[in-house]
There are 2 protein chains.
Amino acid sequence: MNKGQLIEAVASELGTSRTQAAKAVDAVLRCIQRGVRDSDGVTITGFGTFQKKSRAGRTVRNPATGSPMVLEPSMTVGFRPSQALKDALAETAALPRG
Amino acid sequence: MNKGQLIEAVASELGTSRTQAAKAVDAVLRCIQRGVRDSDGVTITGFGTFQKKSRAGRTVRNPATGSPMVLEPSMTVGFRPSQALKDALAETAALPRG
DNA sequence: CCTCGATCAACTGACCCTTGTTCATCAGGC
DNA sequence: GCCTGATGAACAAGGGTCAGTTGATCGAGG
């Protein structure tokens, strides 16, 4: 699923136009982004938690040349799905008869 | 940041009421959830990729007792932030001069 | 249009993940 | 607005797994 399809789905959910849905999707994503950036994390009950995490620097190897290189510490975003989300996935994952 | 604050932020972004923003947030999250569930993954350009991942079963240890236990394979959701998102974090993380 | 994204290769070590309790906070309803 | 149910975070310790690196290309999406 890509952004367009997500927007379509949101439009269907909200009963609005794709244009409005696009704004909604963009706004939500942007707010999550800002939340992670400013608040170190966004906890959404029943969905999951976005959390800004610092990756420790380490030594990696260039797969092309095999030469080692030092990675400097960087920031990334971790997502910890809630049990409800994992359960929602399991619904289809173990969906024998539908 | 929690869900309520996210809703407030979205309401501010969209210029709508918190009630409408709540619907939008819920719709977007639900659609992402369904997308991950049905489509194995949701790729959002400029934000990141949610991907349903199957965790292989393995042996873990109960940190309380120290006794090993066998984990059965399960599903989880991985989030791979886009470079743009990581860059957005870096803006504040390494904000040297402003 | 044209950029973003996924792919693939070998390798390394950082990080996730488990249990279980408990408190605090959050979301929801009237 | 307040009460209540429920969800989530922290901690401790160890091991197995997965992420991450370069770089060019193809494909699709915005």
### Message
Whole angstroms only, please: what is the NZ-C1' distance between A/K52 and C/dC15?
### Response
19 Å
### Task
List in numerical order all residues of residues 24-31 of chain A for which some heavy atom is under 4.0 Å away from an atom belonging to DNA chain C.
none
### Query
Considering the terminal five base pairs at each end of the helix from C/dC1-D/dG30 to C/dC30-D/dG1, what angle separates the two local helix axes, rounded to 10°?
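Roughly 170° between the end axes, to the nearest 10°.
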### Query
Over how many whole Å does the gap from A/R18 atom CZ to D/dG30 atom P extend?
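The answer, rounded to whole Å, is 13 Å.
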Pair up each side-chain donor or acceptor in residues 69-86 of chain B with any protein partner under 3.5 Å, not counting sequence neighbours, and list the distances.
none

#### Entry: Distance in angstrom units between A/M1 CE and D/dG29 P, rounded
13 Å
### Task
Mark yes or no for whether B/S39, through its side chain, and A/M1, through its backbone, hold a donor-acceptor pair below 3.5 Å.
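Answer holds: yes.
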### Query
Any side-chain heavy atom of A/I44 within less than 4.5 Å of one from B/L6?
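In contact.
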Identify all side-chain donor-acceptor contacts of residues 8-29 of chain A below 3.5 Å with residues at least two apart in sequence or on another chain.
{"unit_1": "A/S17", "atom_1": "OG", "unit_2": "A/Q20", "atom_2": "N", "d": "3.2"}
{"unit_1": "A/D26", "atom_1": "OD2", "unit_2": "A/R30", "atom_2": "NH2", "d": "2.3"}

Do any N or O atoms of the protein come closer than 3.5 Å to N or O atoms of nucleotides 1-3 of chain D, and which pairs are they?
none

#### Entry: Pairwise side-chain contact, B/F47 with A/I32, heavy-atom cut-off 4.5 Å (strictly under)
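They are in contact (side-chain heavy atoms under 4.5 Å apart), so the answer is yes.
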### Minimum side-chain heavy-atom gap A/V36-B/L89 below 4.5 Å
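Yes - at least one pair of side-chain heavy atoms lies under 4.5 Å apart.
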### Query
Base, sugar-phosphate, or nothing for B/G46, non-hydrogen atoms under 4.0 angstrom?
sugar-phosphate
## Note on the structure
note: A/L6, atom CG; D/dG29, atom C1'; distance rounded to Å ~ 14 Å
### Task
Go along nucleotides 17-27 of chain C 5' to 3' and tag each nucleotide: B for a protein heavy atom under 4.0 Å from its base, S when only backbone or sugar atoms are that close, - otherwise.
BBB------SS
### Query
What are the two closest non-hydrogen atoms of A/R37 and B/A88, and how far apart are they?
CD-O, 3.0 Å
#### Entry: Sugar-phosphate, base or nothing in reach of B/T65, heavy atoms under 4.0 Å
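It contacts nothing in the nucleic acid.
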### Message
Testing the basics here: between B/T65 and B/S67, what is the closest heavy-atom pair and its distance to 0.1 Å?
### Response
OG1-OG, 2.7 Å
### Query
Can you check the B/F47 CZ to C/dT3 P distance for me, whole Å?
23 Å
### Message
What is the separation between atom CZ on A/F79 and atom P on D/dC18, rounded to the nearest whole Å?
### Response
18 Å
